[in-house]
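Position 1 is the first residue of the sequence, and the numbers go up from there.
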Amino acid sequence: MAPQPISRRQFFSGSRAAVHVRVCPPGTSIEKLIEACSGCGLCEERCPTGIIRLTDGLPFVDFTLGECTFCDECRQACPEPVFSSAHLEQFPHVAVIGAECLAKRNIACQSCEEACPLQAIRFRPRIGGPFVPELAFDVCSGCGGCIGICPVGAIAIEPRSMEETDA
């Protein structure tokens, strides 16, 4: 198995390359995509934030490009029975802030808090260092607004079920 390439920033900060998780557009699943998606790309074309990309002929969300606003354009554009009929405003995952976080490493940074549209990330004061992030899992929609903005790639996604068992 070939080693994962890492950025210069990751190399010098000592963090590892993020594992890319394929996220389906809101309201669909990998099973529905494989079964019904024709790969026409209409969802990619209509996505106003440009985060939907076709990979191996199927649409996936790339949060490094931006956030999902849950505008429903992808569902409305799709000619196939891929999406659920309900308009969703939440993904089945939440953001998690890893140990690579600058604030957790005593370097002042609050980029993720400023990018979070729901204010699910707040910074708690601590003595002798910069504020540290706390994520309200019950508020997080999994939109990915915090992922692409993080300067060191310390934010990832995790299924909601895992987060609930750790709480």
Side-chain angles (χ1 to χ4, degrees), residues 4 7 9-10 13 15-33 43-44 46-53 55 58-78 82-126 129-167:
Q4 290 269 13
S7 71
R9 176 176 281 156
Q10 290 168 328
S13 70
S15 63
R16 56 182 161 69
V19 177
H20 182 67
V21 177
R22 290 191 175 178
V23 176
C24 299
T28 189
S29 66
I30 189 68
E31 294 82 15
K32 285 183 181 179
L33 290 176
C43 56
E44 180 180 28
R46 293 275 301 272
C47 180
T49 57
I51 62 170
I52 296 179
R53 295 283 183 238
T55 305
L58 298 175
F60 293 101
V61 176
D62 184 352
F63 290 125
T64 62
L65 302 173
E67 70 182 272
C68 179
T69 60
F70 302 100
C71 66
D72 210 30
E73 290 289 325
C74 53
R75 184 176 68 85
Q76 292 175 17
C78 186
V82 171
F83 292 85
S84 67
S85 59
H87 173 72
L88 299 178
E89 293 191 10
Q90 191 176 63
F91 278 96
H93 63 257
V94 293
V96 289
I97 303 170
E100 301 87 11
C101 171
L102 291 175
K104 289 182 177 182
R105 299 175 85 187
N106 292 319
I107 301 167
C109 178
Q110 294 186 4
S111 299
C112 56
E113 178 184 42
E114 295 164 4
C116 182
L118 299 177
Q119 298 178 336
I121 302 173
R122 298 289 184 133
F123 277 76
R124 177 178 41 86
R126 68 175 167 179
F131 291 15
V132 290
E134 288 183 342
L135 192 127
F137 295 111
D138 58 326
V139 177
C140 179
S141 68
C143 73
C146 57
I147 294 174
I149 199 76
C150 180
V152 293
I155 303 175
I157 56 172
E158 188 173 279
R160 284 190 183 274
S161 59
M162 289 183 72
E163 158 264 317
E164 291 166 359
T165 58
D166 291 340

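Heavy atoms only, all atoms of each residue included: L88 and F70 are closest at O-CD2, 3.4 Å. Taking every heavy atom of both residues into account, E44 and I52 meet most closely at CG-O, 3.1 Å. The heavy-atom pair separating L33 from L58 by the smallest distance is O-CD2, 3.6 Å. Scanning all heavy atoms of the two residues, the minimum distance from N106 to G129 falls at OD1-CA, 4.4 Å. T28 and C24 make their closest contact through CG2-CB, 3.7 Å (heavy atoms, listed as atom of the first residue, atom of the second, distance). Considering every non-hydrogen atom in both A103 and P133, the closest pair reads CB-CD, 3.9 Å.
Contact check for Q110 versus F131: side-chain heavy atoms found under the 4.5 Å cut-off. At a threshold of 4.5 Å between non-hydrogen side-chain atoms, the residues V139 and I121 do not count as touching. Side-chain contact between T55 and R22 is present, with heavy atoms from C-beta onward closer than 4.5 Å. Counting heavy atoms from C-beta outward, C150 and V152 have side chains that approach closer than 4.5 Å. Taking the side chain as every heavy atom from C-beta outward, P151 and L102 approach each other to under 4.5 Å.
Looking at residues two or more places apart in sequence or on another chain, you find a side chain to side chain contact (heavy atoms under 4.5 Å, CB included) between C78 and E80, V82, F83. With sequence neighbours left out, the side-chain hydrogen bond (donor to acceptor under 3.5 Å, both in side chains) criterion links E134 to R124. With sequence neighbours excluded, no residue forms a side-chain hydrogen bond (donor to acceptor under 3.5 Å, both in side chains) with E67. Residues that satisfy the side-chain hydrogen bond (donor to acceptor under 3.5 Å, both in side chains) test with S84, not counting sequence neighbours, are absent from this structure. For R122, there are no salt bridge (charged side-chain N to carboxylate O under 4.0 Å, His left out) partners two or more places apart in sequence or in a different chain. When the side-chain hydrogen bond (donor to acceptor under 3.5 Å, both in side chains) test is applied to T69, no partner is found at least two apart in sequence or on another chain. I149 pairs by the side chain to side chain contact (heavy atoms under 4.5 Å, CB included) definition with S111, A115, not counting sequence neighbours. Partners of T64 by side chain to side chain contact (heavy atoms under 4.5 Å, CB included), not counting sequence neighbours, listed by chain and number: D62. Taking E73 as the reference, R46, P48, C71, Q76 meet the side chain to side chain contact (heavy atoms under 4.5 Å, CB included) condition, with sequence neighbours excluded.
Atom-to-atom distance recorded for I147:CD1 and I97:CD1 is 10.5 Å, nearest 0.5 angstrom. In this structure, SG in C101 is found 7.0 Å from CD1 in I155, a value given to the nearest 0.5 Å.
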Stepwise, does the side chain to side chain contact (heavy atoms under 4.5 Å, CB included) test hold for D72 with C74? CA-CA 6 Å; D72 210 30; C74 53; 5.8 Å; no
Audit row: I157, V96, side chain to side chain contact (heavy atoms under 4.5 Å, CB included) steps and yes/no: CA-CA 6 Å; I157 56 172; V96 289; over 6 Å; no
Criterion side chain to side chain contact (heavy atoms under 4.5 Å, CB included) on I51 and F60, from CA distance to verdict: CA-CA 8 Å; I51 62 170; F60 293 101; over 6 Å; no
Derivation and outcome, side chain to side chain contact (heavy atoms under 4.5 Å, CB included), residues Q90 and R160: CA-CA 11 Å; Q90 191 176 63; R160 284 190 183 274; 3.1 Å; yes
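Pairs engaging residues 92-123 under the ring pair (Phe, Tyr, Trp, His ring centres under 6.0 Å) rule: F63-H93, F91-H93 [sequence neighbours left out].
Electrostatic pairing of R105 and E100 does not count as a salt bridge here, judged by no charged N lying under 4.0 Å from a carboxylate O.
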